[in-house]
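In what follows, a single structure is set out as structure tokens and then discussed.
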Amino acid sequence: MRLVTIYGSPTPPGKLARALGLLEAGVRDRHPGWEVERISPAEVIDPVTATWPADAVDRVAAADAVVIASPVFRGSITGTLKLLLDTLPVEALRSTPTAVLTVAAAPHHCLAAERHLRDILTWFGALTAPNCAFFVDRVFGAEEVPADVLGELAELADEVVVLAERLGGRSFGPAPLAARRGGPPPAPAA
Ligand SMILES: Cc1cc2nc3c(=O)[nH]c(=O)nc-3n(C[C@H](O)[C@H](O)[C@H](O)COP(=O)(O)O)c2cc1C
């Protein structure tokens, strides 16, 4: 089975990259039946904008489970991540177990990006994992990442791995509004 992680930062490699790397390494260790594949921006244009590889949509659509990772920018997700989400068709994430990982400088912004991502994931009818993970970025600047942080990263990944294994690709209704007749137009072609 395949876990796809989406690295939504336009400024690699930062604290979020370290967090995601630890999560991915944990899945490879604990779940040998799983392949882990990261989708990262292909080209950084400036400190807030980056473009995505041409095959990013197909790779998300082929995932059995997804982890979406974003730093908090201006109290929300990055514009770079939104660029990718805006190119995905509704089927790409529909009923896909999907977890959210966010980091920010300020602890009081713990729900800032998560709540916006949950709204977007509802548009897709994604199977959003009930528990998301948020960390203050400085924990990934330290030489050693605390054990409780590693534990939460493992729990986050295991949520979507277990959901995907138990549900076996099952699709759920009712169809999200975007998938019904008269819904919004498809994503523009690249
Ligand atoms: C343009 C920009 C906007 C940001 N906005 C916020 C914010 O609203 N709240 C916050 O706590 N941190 C904010 N930050 C800090 C980042 O979320 C934090 O430094 C994060 O670790 C950056 O990700 P990276 O380490 O992977 O590059 C912002 C950083 C940038 C560059």
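Counting from 1, the numbers follow the sequence of the chain as shown. Numbering of ligands and ligand atoms starts at 1, following listing order.
Shortest contact from atom 27 (O) of ligand 1 to any protein heavy atom: Thr11 OG1, 3.0 Å. Summary of contacts: the protein heavy atom closest to atom 30 (C) of ligand 1 is Phe73 CE1, 3.4 Å. Closest to atom 24 (P) of ligand 1 among all protein heavy atoms lies Lys15 N, 3.7 Å. Of all protein heavy atoms, the one lying nearest to atom 14 (N) of ligand 1 is Val72 O, 3.2 Å. Regarding atom 8 (O) of ligand 1, its nearest protein heavy-atom neighbour is Gly75 N, 2.9 Å.
Under a 3.5 Å cut-off, the side chain of Thr49 and the backbone N or O of Ile45 do not form any donor-acceptor pair.
Of the heavy atoms in His109, only side-chain atoms (C-beta onward) come closer than 4.0 Å to ligand 1. At a heavy-atom cutoff of 4.0 Å, ligand 1 is contacted by both the backbone and the side chain of Ala104.
Cation-pi geometry between Arg18 and Phe140 is not satisfied (NZ or CZ under 6.0 Å from the ring centre, within 45° of the ring normal).
In this structure, Asp119 does not pair ionically with Arg115, as no charged nitrogen and carboxylate oxygen lie closer than 4.0 Å.
Of all heavy-atom pairs between Val27 and Trp34, the closest is CG1-CB, 4.2 Å.
Residue pairs that meet the side chain to side chain donor-acceptor pair (under 3.5 Å) test with at least one member in residues 131-140, sequence neighbours left out, are Asn131-Glu159. Sequence neighbours left out, not one pair with a member in residues 98-110 passes side chain to side chain donor-acceptor pair (under 3.5 Å).
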